[in-house]
Amino acid sequence: MTIAEVAKKYGLTADTLRYYERIGLLPNVRRTSGGIRDYSEEDCRWVEYIKCMRAAGISVEALIEYVRMFHEGAKTIQERKKLLLEQREQIVARINEMNDVLAKLDWKLDGYEERMLKFEEEHFGK
């Protein structure tokens, strides 16, 4: 696939894909004889993985470290697992924070119309 096709398929920009390649998240994207990037299915799986992890809030630095270790092979399995577990803990913490915010928002919305109507009547008359 061309960079434009990959960008469209995954909702990214071509600049983002080039950036991911430049920093090592997408190493070795093949090029045609004319120098055009030719994304393989494996490259696309990496794009999908990176997009998913970024959407979850995982830093580019953590992903670079993961990809680096991945390419070092089986000897890094435990290190990669540790990195992923750390990222998982951070995601769980963010989910808990968001659940707290959601509960406060739900409380605020519960009976909102009645409270606002009462407030308006008390302060602005009927």
Side-chain angles (χ1 to χ4, degrees):
M1 294 176 78
T2 67
I3 195 168
E5 292 168 331
V6 173
K8 183 177 180 180
K9 179 176 181 176
Y10 294 101
L12 300 169
T13 66
D15 285 341
T16 298
L17 291 168
R18 286 186 204 97
Y19 170 71
Y20 287 166
E21 188 177 344
R22 188 173 62 251
I23 63 174
L25 286 180
L26 289 172
N28 306 318
V29 174
R30 288 187 316 258
R31 306 266 182 146
T32 65
S33 59
I36 305 294
R37 287 172 177 84
D38 183 21
Y39 287 81
S40 67
E41 286 185 32
E42 182 180 343
D43 296 328
C44 289
R45 284 192 299 272
W46 275 106
V47 170
E48 189 172 10
Y49 177 75
I50 292 163
K51 183 177 177 186
C52 175
M53 296 296 106
R54 290 293 297 136
I58 295 177
S59 72
V60 168
E61 294 78 15
L63 286 170
I64 290 170
E65 182 67 11
Y66 180 85
V67 170
R68 181 193 62 75
M69 288 188 289
F70 175 85
H71 288 292
E72 288 181 16
K75 67 182 181 180
T76 64
I77 286 175
Q78 290 306 313
E79 292 174 81
R80 283 184 273 157
K81 183 177 181 181
K82 181 180 179 213
L83 186 143
L84 292 175
L85 285 169
E86 290 168 356
Q87 296 304 310
R88 184 185 188 285
E89 289 173 8
Q90 291 177 18
I91 291 169
V92 168
R94 284 196 306 276
I95 289 170
N96 290 336
E97 289 173 11
M98 293 304 293
N99 281 330
D100 289 344
V101 169
L102 183 59
K104 288 177 179 142
L105 183 58
D106 286 344
W107 176 85
K108 182 77 170 175
L109 289 169
D110 186 37
Y112 186 78
E113 289 88 1
E114 293 83 13
R115 285 193 309 276
M116 286 307 298
L117 181 59
K118 182 179 177 185
F119 174 84
E120 290 172 355
E121 287 174 354
E122 289 174 358
H123 289 87
F124 303 109
K126 290 186 179 187

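Numbers here simply count residues along the sequence, with the first being 1. Because the structure is predicted, anything quoted here is derived from the model rather than measured.
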Task: All pairs passing salt bridge (Lys or Arg N to Asp or Glu O under 4.0 Å) where residues 88-113 contributes a residue, at least two apart - done: none
Open item on the list: Do Leu63 and Tyr20 make a side-chain contact, defined as non-hydrogen atoms from C-beta onward lying under 4.5 Å apart?
Closed with: no
Task: Note, Ile58 side chain near Ile91 side chain (heavy atom, < 4.5 Å) - done: yes
TODO: Starting at CE of Met116, measure out to CD of Glu114 and round the result to the nearest 0.5 Å.
DONE: 12.0 Å
- [ ] Fit a plane to each ring of Trp46 and Phe70, take the angle between them on a 0 to 90° scale, and name the class: parallel (under 30°), tilted (30 to 60°) or perpendicular (over 60°).
- [x] perpendicular
TODO: Please answer: with hydrophobic residues joined when any side-chain heavy atoms are less than 4.5 Å apart, are Ile64 and Ile77 in the same cluster?
DONE: no
Task: Inter- and intrachain pairs under salt bridge (Lys or Arg N to Asp or Glu O under 4.0 Å), touching residues 4-23, at least two apart - done: Asp15-Arg18, Glu21-Arg31, Glu21-Arg37
Open item on the list: I'd like to know if Arg68 and Glu72 make a salt bridge, using a cut-off of under 4.0 Å between side-chain N and carboxylate O.
Closed with: yes
- [ ] Return yes if some donor-acceptor pair links the side-chain N/O of Asp38 with the main-chain N/O of Met1 below 3.5 Å, else return no.
- [x] yes
TODO: Drop me the distance from Lys51's NZ to Leu17's CG, to the nearest 0.5 angstrom.
DONE: 10.0 Å
- [ ] Say whether, by atom type as modelled, one donor and one acceptor occur between the side chain of Thr76 and the main chain of Glu79 under 3.5 angstrom.
- [x] no
- [ ] Answer yes or no: is there a side-chain heavy-atom contact under 4.5 Å between Glu65 and Glu61?
- [x] no
- [ ] Verify the cluster assignment for Ile36 and Tyr19: are they in a single hydrophobic cluster under the rule of side-chain heavy atoms below 4.5 Å apart?
- [x] no
Task: Gap between atom CD1 of Ile50 and atom OH of Tyr66 - 0.5 Å precision - done: 11.0 Å
